[in-house]
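Index from 1, following the sequence.
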Amino acid sequence: MTAKKDTSPAEEIKTLRDQLNQWAHEYYVLDDPSVPDSEYDRAFQQLQALEEAHPDLVTANSPTKRVGGKPLEKFDEVKHQVPMLSLQTLTDEDQFSAFDSRIAKQLNRKSNNLSLFDSESVEIEYCCELKFDGLAISLLYENGQLVRAATRGDGEVGEDVTANAMTIRSIPLELLGKGWPRTLEVRGEVCVTKHEFEKLNKKRADADERPFANPRNLAAGSMRQLDSKLAAQRPLVFFCYGIGHIEGGRVSDRQRTRLSHLQDWGFRVAKEVKTAKGTAGCLAYFHDIGEKRDRLPYEIDGVVFKVNSIEFQDMLGFRAREPAWAVALKYPPSEEITVLNEVDWQVGRTGALTPVAKLEPVQVGGVTVSNATLHNIDEIRRLDIRVGDSVVIYRAGDVIPKVVRTVPERRPKDAGEINLPTECPVCGSEILRADDGVVARCTGGLICGAQQREAIKHFASRRAMDIDGLGDKLVDALVDQELIETVADLYRLKAEDVAGLERMGEKSAANLIEALEASKKTPLSRFLFALGILQIGEETAKALAEAFGELDSIRNAPLLLFLQVPDVGGEVAKAIAAFFAEEHNEKVIDGLLNAGVEPQSNGTPSRRFVDTLTLANFLSSAKTLGMPLSGVGTKTLETLGRHYRHLDALLKAVDKGEDDSGVKAGTLEKLAEGLKADDWRKTLKDAQAYADKLAKKAPAGGADERPLEGETWVLTGTLARLTRDQAQQHLEALGAKVSGSVSGKTARVVAGESAGSKLDKARSLDVDVIDEEEFIGFLAEHGIKLED
Ligand code: IVH
């Protein structure tokens with residue numbers, strides 16, 4: 001809705017706020033939005049703009065305040081006007097029956113004088129509610145405006161969490177409707193849906209952050225967050241279940257009706273709330289909700305029965321810290337303790353390994369649980385879980401139960417440490433773990449049974465080998481019929497084998513064989529991508545193909561060489577090397593080549609790549625990979641590299657203990673030490689030998705082919721022996737950038753005849769200037785001869 005032109009800003013703001021509050025109510029409380037999000041966003045932005053233009057009209061409870069404010073130093077204390085009590089909890093149905101009889105008796109006795117009942121057999125009416133498993137809070141409204149939110153604390157004194165509560169969209173900042181008392185304290189529970197809980201935990205696990213143990217912890221942790229901007233990002237919901245203190249007005253004398261009024265005033269009330277009479281009615285409710293419990297979007301740990309009549313409640317009064325008129329009847333707990341017998345490692349479709357806890361079977365929330373997830377090895381370490389430990393299992397709804405913590409007091413002496421397997425439990429290939437990621441993966445992508453189908457689907461996909469007609473379903477069928485096991489088997493398929501499959505005819509079988517044939521001459525980069533090497537996306541595959549120029553060179557290259565490929569870091573290099581080191585993978589590749597697959601490539605390594613295979617680069621890569629060279633910095637390694645140029649020369653110097661490169665004394669001793677450790681001498685020698693071999697294959701061009709890489713040159717004035725364009729081309733061929741203006745970053749200025757302001761500027765900035773003669777000499781030094 002758009003405010004009319006002739007209204008004042010104050011009126012416009014009021015209209016927008018009311019509209020936004022109404023829409024938020026429909027969306028967050030009623031789950032029934034009447035306008036699309038875009039409409040809400042537009043009005044919200046309109047209000048934001050108006051408030052910015054009229055700061056005097058900004059109020060504390062504007063919908064624009066929902067995003068959180070400045071972080072607090074600490075929470076202030078809040079004394080509750082009416083203490084926030086707890087509930088007596090019952091765990092079986094007989095206990096409830098006894099409770100109900102006692103209430104009936106007491107009311108009968110107490111009401112004799114008032115003659116409310118004429119017999120003891122009358123059934124008491126209860127308001128039946130869900131017992132949400134979240135965090136209890138109290139909300140104080142003055143004249144319909146939210147003025148304060150507080151946690152329950154010890155029941156007497158809680159913490160002021162107003163800023164956080166304001167970010168919860170299902171908490172009205174202004175009450176809707178009418179008839180509310182001047183002062184109204186609303187009580188209820190801050191919760192989070194099971195779905196949002198799982199989602200957030202997954203995100204946290206991916207970001208290597210500690211997951212929350214259960215939705216209650218998430219709700220509590222979020223409400224006790226000093227930075228309300230962070231709380232605003234948590235998917236919290238407020239369900240109200242009662243009224244605390246009131247002044248200046250009256251509320252209904254029935255709990256059920258009170259909840260309806262609260263709903264009218266803008267609060268969310270569980271739609272499962274209803275009234276029931278006597279033990280039979282209440283237990284039927286208990287069973288009904290128990291049956292639905294797993295499907296409810298929120299975690300509940302029981303139901304609450306409250307005597308519906310407030311007058312009766314007052315008569316019954318309180319006992320110690322609990323009201324005598326209400327009781328919680330709990331469902332079997334969703335957490336239970338049992339013993340961890342063993343850990344199984346399961347391999348997922350992408351090769352990711354997940355630890356699965358094998359448990360002593362235990363009932364959790366009415367279901368027998370014998371398996372639970374342990375997330376990943378880091379989580380196991382963080383929780384310090386060992387085989388034989390007593391562990392707490394948590395189960396929410398239909399999601400996979402999980403191990404949330406151990407019970408250290410019960411740890412047996414022989415509790416065994418849990419380790420990541422070194423070999424894939426399915427195929428025996430090496431397990432690789434990215435240091436920056438928590439996921440451990442099997443490297444047997446092409447042969448691992450667990451990954452087989454995914455590997456083949458990926459291989460055939462459009463961006464990989466692009467095998468027309470070989471979709472996911474067909475791959476499944478081919479594997480099911482045992483016609484293929486690996487991607488190499490694809491090229492041994494015969495039309496008649498395929499034609500026999502369901503929903504395949506002769507024509508489509510022939511088409512498939514043709515598509516397979518056509519895919520044989522795919523570019524090397526696509527072939528590499530199709531192999532599904534961990535961490536290797538299309539870009540890295542291209543870079544590899546471009547650098548090495550042929551498959552064979554890649555297959556045999558040592559790790560240190562992969563590290564010189566643009567954008568390939570330690571993890572990626574390790575993944576590539578591990579893939580080709582795996583014999584099974586090699587077999588599949590041989591199978592592909594033998595079946596006629598012929599990846600297309602240059603056939604020679606690129607000059608640019610070969611030029612990066614320098615001694616300095618090898619040394620610094622070795623250091624990154626862990627060669628012990630502490631105290632020897634990159635600069636020193638560069639100096640050594642430039643001076644000795646070849647590993648053989650450096651090794652000779654190291655072995656003799658004579659250094660003439662000018663680096664700090666003692667450096668060569670440190671190098672000698674480093675070379676001894678973990679066979680680094682051999683690793684470097686292998687890399688140098690491989691680099692030498694590639695250098696011979698690479699197209700001609702000196703090692704200094706692009707000596708001006710990274711430099712910016714400026715051409716000015718008139719050149720006699722070559723045009724500006726030619727000069728620019730030569731400079732660019734040497735790696736320089738040519739710019740039109742001089743700055744402090746300019747490497748050199750070539751000044752021809754009658755050079756003007758650029759030359760002056762170069763001089764004033766102390767930039768190196770050469771004339772045409774010197775320039776031609778420079779080009780000649782770099783192998784560029786000008787025609788006469
Ligand atoms: S009534 C005076 N109703 O359970 C009665 N409590 O053990 C006090 N809870 O701290 C609360 N759902 O956080 C009530 N429908 C419900 C509830 C509920 C959850 C929580 C509440 C309270 C605890 C009492």
Side-chain angles (χ1 to χ4, degrees), residues 133 192-218 221 293-295 297 299 332-408 410-411 415-426 431-434 437-442 448-451 454:
D133 203 9
V192 55
T193 61
K194 294 172 195 166
H195 173 73
E196 292 288 353
F197 170 76
E198 292 297 330
K199 214 166 90 181
L200 188 73
N201 259 1
K202 176 150 192 325
K203 228 163 81 187
R204 285 174 76 89
D206 289 348
D208 241 345
E209 285 170 327
R210 212 188 129 140
F212 290 102
N214 51 45
R216 178 185 57 230
N217 281 9
L218 166 54
R293 183 183 177 201
D294 273 0
R295 295 191 301 276
E299 192 70 30
S334 49
E335 275 189 6
E336 205 47 84
I337 296 181
T338 189
V339 173
L340 172 64
N341 286 332
E342 209 187 326
V343 173
D344 244 17
W345 292 87
Q346 283 187 357
V347 189
R349 294 191 308 173
T350 58
L353 258 69
T354 342
V356 177
K358 295 284 165 184
L359 307 163
E360 203 50 47
V362 63
Q363 288 277 318
V364 190
V367 169
T368 309
V369 171
S370 44
N371 292 325
T373 173
L374 279 162
H375 294 291
N376 54 53
I377 188 77
D378 285 347
E379 183 71 357
I380 293 174
R381 296 267 178 278
R382 189 180 68 72
L383 298 171
D384 186 25
I385 298 177
R386 314 237 174 122
V387 171
D389 266 350
S390 286
V391 290
V392 177
I393 308 301
Y394 172 78
R395 176 181 164 269
D398 299 329
V399 296
I400 304 166
K402 58 187 166 211
V403 177
V404 286
R405 60 181 175 276
T406 56
V407 186
R410 297 203 198 165
R411 169 164 295 169
E417 204 179 306
I418 300 166
N419 290 309
L420 198 62
T422 49
E423 286 178 359
C424 171
V426 176
I431 297 299
L432 208 69
R433 241 190 112 195
V438 282
V439 192
R441 283 179 205 277
C442 161
C448 181
Q451 301 173 65
E454 288 316 300

Are any non-hydrogen side-chain atoms of [X] and [Y] less than 4.5 angstrom apart?
X	Y	answer
L359	I393	yes
I418	L340	yes
T373	V356	no
R410	D389	no
L353	I431	yes
I380	P355	yes
V404	N214	no
I385	L374	yes

Do you know the tightest heavy-atom contact between [X] and [Y]?
X	Y	value
R395	V364	NH1-O, 3.3 Å
R293	P332	NH1-O, 3.3 Å
G351	Q451	CA-CD, 3.2 Å
G449	V426	N-CG1, 3.9 Å
P401	N371	CG-O, 3.9 Å

- Query: Taking atom CD of E335 and atom CZ of R405, what is their separation to the nearest 0.5 Å?
  - Reply: 5.0 Å
- Query: Between atom NZ of K194 and atom CG of D133, what is the distance when rounded to the nearest 0.5 Å?
  - Reply: 11.0 Å
Checking the side chain of [X] only, and the main-chain atoms of [Y] only, is there a donor and an acceptor separated by less than 3.5 Å?
X	Y	value
N201	F212	yes
N376	D378	yes
D384	R381	no

- Message: Applying side chain to side chain contact (heavy atoms under 4.5 Å, CB included) to E198 and H195, what does each step give before you reach the verdict?
- Response: CA-CA 5 Å; E198 292 297 330; H195 173 73; 5.9 Å; no
- Walk me through it: do L432 and R441 pass the test side chain to side chain contact (heavy atoms under 4.5 Å, CB included)? CA-CA 5 Å; L432 208 69; R441 283 179 205 277; 5.7 Å; no
- Between the side chains of N341 and E360, does any donor sit under 3.5 Å from an acceptor? yes
- Query: Quick one: do the T354 and Q346 side chains pair a donor with an acceptor below 3.5 Å?
  - Reply: no
- Report the C-alpha distance between I377 and W345 in whole Å, list the side-chain angles of each, state the deciding distance to 0.1 Å, and finish with yes or no for side chain to side chain contact (heavy atoms under 4.5 Å, CB included). CA-CA 10 Å; I377 188 77; W345 292 87; 4.1 Å; yes
- Item | Derivation of the side chain to side chain contact (heavy atoms under 4.5 Å, CB included) call for V392 and E336 | CA-CA 6 Å; V392 177; E336 205 47 84; over 6 Å; no
